[in-house]
Undergrad: 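Take this structure first; my questions come after.
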Amino acid sequence: MSETEPHTFSPEEREELRESLLTWYARHRRDLPWRGDDVPAYGTWVSEIMLQQTQVATVRDYYVRWMARFPDVTALAEAELEQVLEQWSGLGYYRRARLLHEGAKYVVEKLDGELPGTASALRALPGVGPYTAGAIASIAFGEAAPLVDGNVERVFARLRGVGGDPKGRENQKTFWAIAAELVDASDPGSFNQSLMELGATVCTPKSPSCLLCPVRPYCSALAEGDVTRYPGKRVRKPPKEVALRSCVVSGDLDGERAVLVVKRPDKGIWAGLLEPPTAPPGELEGLLEALVGRPVELPAEPLGQLEHRLSHRLMTFSVTSAHVGEAAEPARDDARWILERELDDAALSSASRKLFALARGALSE
DNA sequence: AAGGCGGGGTT
DNA sequence: AACCCAGCCTT
């Protein structure tokens with residue numbers, strides 16, 4: 001299903017749309033830590049990477065902590081990957097953190113610490129695609145670069161009555177063409193953010209507030225009557241079910257309680273993060289023996305089951321625990337002991353955090 | 001062109 | 001319980 005009508009506005013409509021959006025944005029924009037005159041281009045970069053497929057409310061605190069820990073591109077470039085992952089822990093899509101780290105090293109080593117100032121040059125940075133390049137270029141550098149994200153897709157689909165899967169090839173071309181046609185040359189950063197802000201706060205997926213919309217006179221979907229008909233449905237595969245067993249292994253280290261963690265491989269899900277020993281059912285005993293250097297006795301009954309839902313996987317963990325006495329150096333170099341009180345600051349996925357919490361809760365009762 | 005990659009807010 | 005989020009990269 002593709003739209004064939006032309007998606008162009010008259011010059012007068014274009015100007016009225018820009019004006020309406022910019023005026024609305026000036027009044028209704030949310031106060032966010034990455035908005036303000038004192039935010040460096042590096043801050044815009046960090047925020048835009050964090051905001052990929054992640055909502056503003058989730059990013060907020062992560063951004064503030066990140067900027068305190070890595071205040072500039074040099075600080076980030078000089079950090080170890082594991083420190084970077086520690087700051088990203090819980091935010092998801094961890095490849096973003098790796099690529100941001102690689103990008104920082106590239107900027108420091110090859111670009112003398114200066115972020116590129118155009119969308120096309122920004123594309124050279126790892127993790128910076130069409131959207132992010134347009135966002136940084138327009139917001140941090142004032143380039144009249146267009147941008148399309150999930151919010152903008154919805155706004156345009158309704159404004160112009162574009163049906164079908166918004167991620168479809170033809171629809172994407174349409175949206176980017178509209179964005180390029182409309183982007184305001186005098187204040188592209190505010191204009192682009194006004195579109196996203198409108199999508200996030202007014203032109204929402206389920207119950208849009210059309211009465212409050214600054215561009216309602218131009219909205220084709222509203223004129224038709226049923227705004228939520230646009231955009232069309234996205235097709236998604238159901239998540240794959242995965243069963244795993246985990247064992248929280250505790251031991252004594254310098255008179256303190258420590259737990260055994262294994263670093264995940266640097267590709268695939270949760271790449272480079274730490275986790276309690278985890279394996280498919282039937283393989284956990286072998287893994288533990290390889291890590292500890294001798295067979296580990298496991299309780300007959302698990303402490304509990306833990307479900308972890310991702311968009312593409314439904315994971316079920318059967319959780320057990322074991323105590324091994326003295327914490328001897330693990331036989332494998334991807335494993336090590338860390339003090340239990342250091343777990344909060346470790347580079348864990350949210351799933352691993354839940355696993356450790358379950359074991360700690362069960363043991364202290 | 002399709003699939004992998006996280007986690008949580010909203011409704 | 002769906003739906004979707006300031007997407008990008010690999011295959």
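Chain naming here is simple, since letters A, B, ... match the order of the sequence lines and numbering starts at 1 in each.
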Undergrad: Roughly, in whole Å, what's the span from OH in A/Tyr93 to P in C/dC5?
TA: 11 Å

Undergrad: Counting only side-chain heavy atoms from C-beta out, which of C/dC9, C/dC3, C/dC4 sits nearest to A/Lys206?
TA: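 Of the options given, the side chain of A/Lys206 lies nearest C/dC3.
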
Undergrad: Ignoring the backbone of A/Arg154, work out which of C/dC5, C/dA6, B/dG7 is nearest its side chain.
TA: C/dC5

Undergrad: When you check the phosphate oxygens OP1 and OP2 of C/dG7, does a side-chain N or O of A/Lys167 lie under 4.0 Å from one of them?
TA: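 It does not, given that no N or O in the side chain of A/Lys167 lies less than 4.0 Å from OP1 or OP2 of C/dG7.
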
Undergrad: Could you grab the distance from atom CG of A/Leu182 to atom CG of A/Leu195, nearest 0.5 Å is fine?
TA: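 Reported value, rounded in 0.5 Å steps: 7.0 Å.
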
Undergrad: Looking at A/Tyr93, I'd like to know if the NZ or CZ of A/Arg96 sits under 6.0 Å from its six-membered ring centre while staying within 45 degrees of the ring's axis.
TA: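 Not flagged: A/Arg96 not positioned over aromatic ring of A/Tyr93.
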
Undergrad: Expressed as a whole number of Å, how far does the C1' atom of C/dC5 sit from that of B/dC5?
TA: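 To the nearest whole Å, 14 Å.
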
Undergrad: Base, sugar-phosphate, or nothing: which does A/Val128 touch, judged by heavy atoms less than 4.0 Å apart?
TA: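 It contacts sugar-phosphate atoms only.
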
Undergrad: Does A/Arg309 have a side-chain nitrogen or oxygen under 4.0 Å from the phosphate oxygens OP1 or OP2 of B/dG6?
TA: no

Undergrad: Check the distance between B/dG6's C1' and A/Leu273's CG and give it to me in whole angstrom.
TA: 10 Å

Undergrad: Under 3.5 Å, is there a donor on one side chain and an acceptor on the other for A/Lys354 and A/His308?
TA: yes

Undergrad: Under 4.0 Å, counting only non-hydrogen atoms across every strand here, what does A/Trp88 touch: a base, just sugar-phosphate, or nothing?
TA: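 Nothing: the residue A/Trp88, judged by heavy atoms under 4.0 Å, touches no strand.
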
Undergrad: Looking only at atom types and distance, does a side-chain atom of A/Glu283 sit under 3.5 Å from a main-chain N or O of A/Pro280, one as donor and one as acceptor?
TA: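 Such a contact is absent between A/Glu283 side chain and A/Pro280 backbone.
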
Undergrad: Taking the side chain of A/Leu99 as its heavy atoms from C-beta onward, which of B/dG8, C/dC9, B/dG6 lies nearest to it?
TA: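 Looking only at side-chain atoms, A/Leu99 lies closest to C/dC9.
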
Undergrad: Counting heavy atoms not belonging to A/Asp226, are there more than 12 under 6.0 Å from its CG?
TA: yes

Undergrad: Which one, C/dA6, C/dC9, B/dG8, comes nearest to the side chain of A/Met196?
TA: C/dA6

Undergrad: Output the rounded distance in Å from CZ (A/Arg236) to C1' (B/dG6).
TA: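 Interatomic distance, CZ of A/Arg236 to C1' of B/dG6: 13 Å.
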
Undergrad: Hey, is the side chain of A/His308 poking within less than 4.0 Å of OP1 or OP2 on B/dG6, counting only N and O atoms?
TA: no

Undergrad: Would you kindly check whether a donor in the side chain of A/Ser349 faces an acceptor in the base of B/dG7, or vice versa, at under 3.5 angstrom?
TA: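 Flag unset: no donor-acceptor pair detected.
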
Undergrad: Roughly, in whole Å, what's the span from CD in A/Gln52 to C1' in C/dG7?
TA: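 These atoms are roughly 5 Å apart.
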
Undergrad: Compare side-chain N and O positions of A/Ser350 against OP1 and OP2 of B/dG8 and report whether any pair is under 4.0 Å apart.
TA: yes

Undergrad: Describe the nucleic acid contact of A/Lys354 in one word from base, sugar-phosphate, nothing, applying a heavy-atom distance below 4.0 Å.
TA: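 No contact.
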
Undergrad: Base, sugar-phosphate, or nothing for A/Arg234, non-hydrogen atoms under 4.0 angstrom?
TA: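 The residue A/Arg234 makes no contact with any strand.
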
Undergrad: Roughly how many Å is it from CD in A/Glu153 to P in C/dC5, rounded to a whole number?
TA: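 Distance, rounded to whole Å: 7 Å.
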
Undergrad: Does the ring of A/Tyr218 carry A/Arg160 above it, NZ/CZ under 6.0 angstrom from centre and within 45° of its axis?
TA: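 Ring-cation test returns no.
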
Undergrad: Examine B/dG7: is either OP1 or OP2 under 4.0 Å from a nitrogen or oxygen in the side chain of A/Trp270? Give yes or no.
TA: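 Yes, A/Trp270 has a side-chain N/O under 4.0 Å of OP1/OP2 on B/dG7.
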
Undergrad: Would you state whether a donor and an acceptor, one from the side chain of A/Ser311 and one from the base of B/dG6, lie under 3.5 Å apart?
TA: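 Answer yes: a donor N or O sits under 3.5 Å from an acceptor.
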
Undergrad: Can the ring centroids of A/Trp66 and A/Phe70 be said to lie less than 6.0 angstrom from one another?
TA: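 Between A/Trp66 and A/Phe70, the centre distance is under 6.0 Å.
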
Undergrad: Keeping A/Thr58 on the side-chain end and A/Thr54 on the backbone end, is there a donor-acceptor pair under 3.5 Å?
TA: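 No, because the side chain of A/Thr58 does not come within donor-acceptor range (under 3.5 Å) of the backbone of A/Thr54.
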
Undergrad: List every contact pair, protein side and nucleotides 2-4 of chain B side both N or O, where the distance is under 3.5 Å.
TA:
residue, atom, partner, partner atom, Å
B/dG4, N2, A/Arg95, NH2, 2.4

Undergrad: Considering just the side-chain nitrogens and oxygens of A/Thr132, establish if one lies under 4.0 Å of OP1 or OP2 belonging to C/dC8.
TA: yes

Undergrad: CG of A/Leu51 versus P of C/dC8: gap in Å, rounded?
TA: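 Distance check: A/Leu51 CG to C/dC8 P gives 12 Å.
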
Undergrad: Quantified in whole Å, what is the P atom distance between nucleotide B/dG8 and nucleotide C/dC8?
TA: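 Pairwise P distance, B/dG8 against C/dC8, rounds to 22 Å.
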
Undergrad: How many angstroms lie between atom CG of A/Asp254 and atom CG of A/Leu339, to the nearest 0.5 angstrom?
TA: 7.5 Å

Undergrad: If you only use heavy atoms from C-beta on, which nucleotide in C/dA6, B/dG6, B/dG8 is closest to the side chain of A/Leu32?
TA: C/dA6

Undergrad: In whole angstrom, what separates A/Arg158's CZ from C/dC4's C1'?
TA: 12 Å

Undergrad: B/dG4 and C/dA6: how far apart are their P atoms, nearest whole angstrom?
TA: 24 Å

Undergrad: Could you say whether A/Ser207 or A/Ala351 is positioned toward the 5' end of DNA chain B, judged by the nucleotide with the nearest heavy atom to each?
TA: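 It is A/Ala351, whose closest nucleotide lies nearer the 5' terminus.
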
Undergrad: Round to a whole Å and report the spacing from CG of A/Leu125 to P of C/dG7.
TA: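 From A/Leu125 CG to C/dG7 P: 18 Å.
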
Undergrad: Does C/dC5 have its OP1 or OP2 closer than 4.0 Å to a side-chain nitrogen or oxygen of A/Gln53?
TA: no

